[in-house]
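Following: one structure in structure tokens, then a few remarks.
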There are 2 protein chains.
Amino acid sequence: MKETYCTAHLRSISDTLELIGGKWKLLILTLLFSESPMRFSEIERAIGTITPRMLSKELKELEMNELIERRVYPTMPVSVDYRLTDYGRSLDSVMVALGDWGKKHRKRIMHPVVVESLPA
Amino acid sequence: MKETYCTAHLRSISDTLELIGGKWKLLILTLLFSESPMRFSEIERAIGTITPRMLSKELKELEMNELIERRVYPTMPVSVDYRLTDYGRSLDSVMVALGDWGKKHRKRIMHPVVVESLPA
DNA sequence: CGGAATCCCATGCGATACTG
DNA sequence: CAGTATCGCATGGGATTCCG
């Protein structure tokens, strides 16, 4: 594929999706949007179906991209919490766009529907 | 996870991502945004690295969700083209949001960087 | 031309168990 | 509490071949 404006724009889009892709990232970000900071086990309980392995992995990737910040407190045992960074908060426009479109979309056909016969 | 505003909003977001997820969908949509209609083999050539199997599959899903329209012409052999629907065009706000954020994002650290020592 | 069928592999993700 | 280690499978996606 030739290098065009089209593909450059697309790479920007792909970059964004790469950061918020994966099964849990948007869910975690959404939680942290409404409540920051949250501790590891708080997020785990809030989601309910995520395994610690996945939570750990996703948090690590979000932190690597500076969307969230991880703080460790020298308590005994240690406690850790996670919060959105300002950079992470800048995603709100993206999440609003995705959410708004999704809300409208829900009113439309979206699942494979078998239409055997349609009258008139 | 309890049913809250938070999760309802999240489902809207997930719905949207479900439609434009997959490796090629956004690329196909971006192409069709800049040029509609396009024939099957035109899209194939434009992307360059997609296999007909995947192109067929992605187009089918996009059509199922009414984001694009497929038209068949009874030529010999048959020709087919694809174009954005008005509904598909309504995704532009989403794609702009994703693209804009990605453009800003590129200026920041995004790949795993090993910092051995940092002065001062 | 516009696909469908088949085979195959990488990885994403879940389940379970364990640890400082 | 906040993870890590290991295993295993399902799914996504590529390569190749064939078809009307």
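Chain letters run A, B, ... following the sequence lines, proteins first, then strands; residues in each count from 1.
Summarising the geometry, the separation between OH on A:Y82 and C1' on D:dC1 is reported as 11 Å, rounded to the nearest angstrom. Across the protein-nucleic acid pair, A:K23 atom NZ and C:dT11 atom C1' stand 14 Å apart, rounded to whole Å. The NZ-C1' distance, from A:K57 to D:dA2, rounds to 18 Å in whole Å. For B:R53 and D:dC19, the CZ to P distance is 18 Å, given to the nearest whole Å. Following rounding to the nearest Å, A:I50 (CD1) and D:dA2 (P) show an atom-to-atom distance of 14 Å. Atom CD of A:E58 and atom P of C:dG12 are 10 Å apart (whole Å). As a whole-Å value, the separation of B:E44 CD from D:dA15 P is 13 Å. Rounded to an integer number of Å, the gap from CZ of A:F40 to P of C:dG20 is 17 Å.
The hydrophobic cluster containing B:M54 also contains B:L19, counting ILVMFWY residues as joined when their side-chain heavy atoms lie under 4.5 angstrom apart, directly or transitively.
OP1 or OP2 of D:dT4 lies within a sub-4.0 Å distance of a side-chain N or O belonging to A:S56. In terms of phosphate contacts, B:K25 brings no side-chain nitrogen or oxygen within less than 4.0 Å of OP1 or OP2 of D:dG12. In terms of phosphate contacts, A:T75 brings no side-chain nitrogen or oxygen within less than 4.0 Å of OP1 or OP2 of D:dC1. Taking only side-chain nitrogens and oxygens, A:S41 comes nearer than 4.0 Å to OP1 or OP2 of D:dC1.
Shown are A:I13, A:T16, A:D92; of these, the side chain to side chain contact (heavy atoms under 4.5 Å, CB included) with B:W101 is made only by A:T16.
Checking A:G22 against A:V78, the closest nucleotide of DNA chain C that is more toward the 5' end is the one next to A:G22. Annotation: of the two residues near DNA chain C, A:W24 and B:K60, the 5′-most nearest-nucleotide partner is B:K60.
Electrostatic pairing of A:E58 and A:K60 does not count as a salt bridge here, judged by no charged N lying under 4.0 Å from a carboxylate O.
For B:R70, the side-chain atoms get nearest to C:dG2 when compared with the rest of D:dC1, C:dG14, C:dG2. Here C:dC1 is the nucleotide among C:dG3, D:dT4, C:dC1 with the atom lying nearest to any side-chain atom of B:P77. Set against C:dG2, D:dT4, D:dG13, the side chain of B:V80 has C:dG2 as its closest nucleotide.
A:Y87 and B:H105 have parallel rings, their planes meeting at less than 30° on a 0 to 90° scale where 60° marks the start of perpendicular.
The distance from the CE atom of A:M38 to the CG atom of A:D81 is 10.5 Å, given to the nearest 0.5 Å.
Looking at heavy-atom distances under 4.0 Å, A:Y73 makes no contact with the nucleic acid at all.
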